[in-house]
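The sequence lines fix the lettering, A, B, ..., with proteins before strands; numbering per chain opens at 1. All values reported here derive from a predicted model rather than from experimental measurement.
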Protein chains: 2
Amino acid sequence: MSSDGSVTGDDEAVRTAGRGRRGPYAKSESRREEILDRAIEVFAERGVDGTSMRAIGEAVGVSHAALKHYFPSREALLVEVLRRREARLVEDVTARAGDDFTSLRLLADATVRNAAEPGFVALHTAMLATGVLDPDGEAGEHLVARYREARGRIADDLATGVMAGRPITEVADVAALLLAASDGLQAQWLLEGGTNGDVDLVRSYGLLIDLIGTRRGAQG
Amino acid sequence: MSSDGSVTGDDEAVRTAGRGRRGPYAKSESRREEILDRAIEVFAERGVDGTSMRAIGEAVGVSHAALKHYFPSREALLVEVLRRREARLVEDVTARAGDDFTSLRLLADATVRNAAEPGFVALHTAMLATGVLDPDGEAGEHLVARYREARGRIADDLATGVMAGRPITEVADVAALLLAASDGLQAQWLLEGGTNGDVDLVRSYGLLIDLIGTRRGAQG
DNA sequence: CCCCGAAACCTCCAAGTGGAGATTTTCGTC
DNA sequence: GACGAAAATCTCCACTTGGAGGTTTCGGGG
């Protein structure tokens, strides 16, 4: 039982005095995963306006109210979809990096892989729209934390690598730029219909990386 | 009367045979503007989910159905809000540019000025989330056109200026990057609460412009 | 196997939504 | 001023939405 009252698969079984439940149902975790799986499908198909708790519940095969047991609100559910996606993306690109284990490489890879799934790009963008107006809300808090963490990690890596010796403000700016460009290019690329459009995602992002790496004073 | 059936202030009065209306009411244009004005206020306050035709109608002081006379749908209304904003922003930064009349300067200025109004950033971002999933929809079509136009203009300017002689693919990539970074940085900046957060919008965007301007082979 | 109680899920409800068709307002013409 | 008709606006309606409280399911313990 997590602190927000919703059930997660990671929590230790609750110990109750005497008779009674010692933990979640056996099917809890798989149900929760299924909800998240169906939610992104519904989102990708119907967009943010069409993704009600009822629409998701229908896709899962339960009532909308059943979802509330796992997630306190639609927003919380969608944020969790995003969080899970982010975790998987990191895992995935890290595993693929092999010995080319720099932030720049990981970022470029993550950008391309994420863009391949418009649903996630759209979800991230929709949450961003919400978070921009309400950084203290569920979506906002998640994104604030997420971007801070990412900027921090990227900056650390740049500072010990390609941008060693540069002022920390410059390193911070580059980290912010890398994330910003990733988001913005993915959106433009998808608007252009993907591979055959006017935006070449890989080449454009690669150019930014090149600009950073060839800046005067940057480590070769 | 425009082609989509909604009333715009730009159309020439309709000429009808014999008796009957020769044009819109005297108050049509001001009403339409008022709807757009109230819509962005409602959006900024309540976010995309809270901005129904009813909420906007209430803010204007008319029924939700009255809005339908001017705009066929909520999406069309919000796209028009965005369009109007874009036009004003271009007008504004152009007027302020004086003799420093390059895309880079205009872009930097527009980025900062736009970010000062979170409602518009959020609206643009929300429309982007919709457009990414449905580039053929109302929001998507507008954004596709808008970005293409912007990339084209920026590329033209770069090609005759700071990036003269560079390959056209590189110029196109830079144009896409400049727009992407502008969007992404504004969002991060707002998530961070604006001026006192971890992201320095002006400095970060300035760094990108600097990177482009100091690239090997770029015109000093 | 039975009991118990919390986990999981449901139905009903009130509130909100956009659309259809009815009604009111405006204004050009005579 | 009267008339007519389109512009502008309204009310009513069916449908959708999330929440509250009721019901069913599951599994630990005896």
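Taking CG of B:Leu89 as the start and OG1 of B:Thr94 as the end, the distance is 9.0 Å to the nearest 0.5 Å.
Between A:Ser52 and D:dT16 there is no side-chain N or O to OP1 or OP2 distance below 4.0 Å. Contact annotation: A:Tyr25 does not reach the phosphate of C:dA6 (side-chain N/O to OP1 or OP2, under 4.0 Å). Using a 4.0 Å cut-off, some side-chain N or O of B:Lys68 falls inside it from OP1 or OP2 of C:dG19. Considering only side-chain N and O atoms, B:Arg31 lies nowhere under 4.0 angstrom from the phosphate OP1 or OP2 of D:dA7.
As rounded to whole Å, 10 Å separates atom P of C:dC9 from atom CD of A:Glu34. Going from atom CZ of B:Phe71 over to atom C1' of D:dT9 covers 15 Å, rounded to whole Å. Rounded to whole angstrom, the span from the NZ atom of B:Lys27 across to the P atom of D:dA6 amounts to 18 Å. For the pair B:His69 NE2 and C:dA22 C1', the computed distance is 16 Å after rounding to whole Å. Here the C1' atom of nucleotide D:dT16 and the CG atom of B:Asp49 are 14 Å apart, to the nearest Å. In this entry the distance linking CD of A:Glu29 with P of D:dC26 reads 18 Å, nearest Å. Going from atom CD of A:Glu58 over to atom P of C:dC10 covers 12 Å, rounded to whole Å.
Residue B:Arg74 is the one, among B:Arg74 and B:Ala26, whose nearest nucleotide of DNA chain C lies closer to the 5' end (criterion: closest heavy atom).
Using a 4.5 Å heavy-atom threshold, the side chains of B:Leu77 and B:Met53 count as touching.
Checking B:Asp200 against B:Tyr205 by side-chain atom types alone, no donor-acceptor pair falls below 3.5 Å.
When each of C:dT26, C:dC9, D:dA7 is scored by its nearest atom to the side-chain atoms of A:Tyr70, the top-ranked nucleotide is C:dC9.
Salt bridge status for A:Glu34 with A:Arg31: present, with a side-chain N to carboxylate O gap under 4.0 Å. The existence of a salt bridge linking A:Glu192 and B:Arg151 is confirmed by a sub-4.0 Å separation between a basic side-chain nitrogen and an acidic carboxylate oxygen.
Identified under the side chain to side chain donor-acceptor pair (under 3.5 Å) test for residues 36-47 of chain B, with sequence neighbours left out: B:Asp37-B:Arg84, B:Arg38-B:Glu41.
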Every protein N/O lying under 3.5 Å from an N/O of nucleotides 10-14 of chain D:
{"residue": "D:dC10", "atom": "OP2", "partner": "B:Ser63", "partner atom": "N", "Å": "2.5"}
{"residue": "D:dC10", "atom": "OP2", "partner": "B:Ser63", "partner atom": "OG", "Å": "2.9"}

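For the residue pair A:Leu191 and B:Val132, the shortest heavy atom distance occurs at CD2-N, 4.0 Å.
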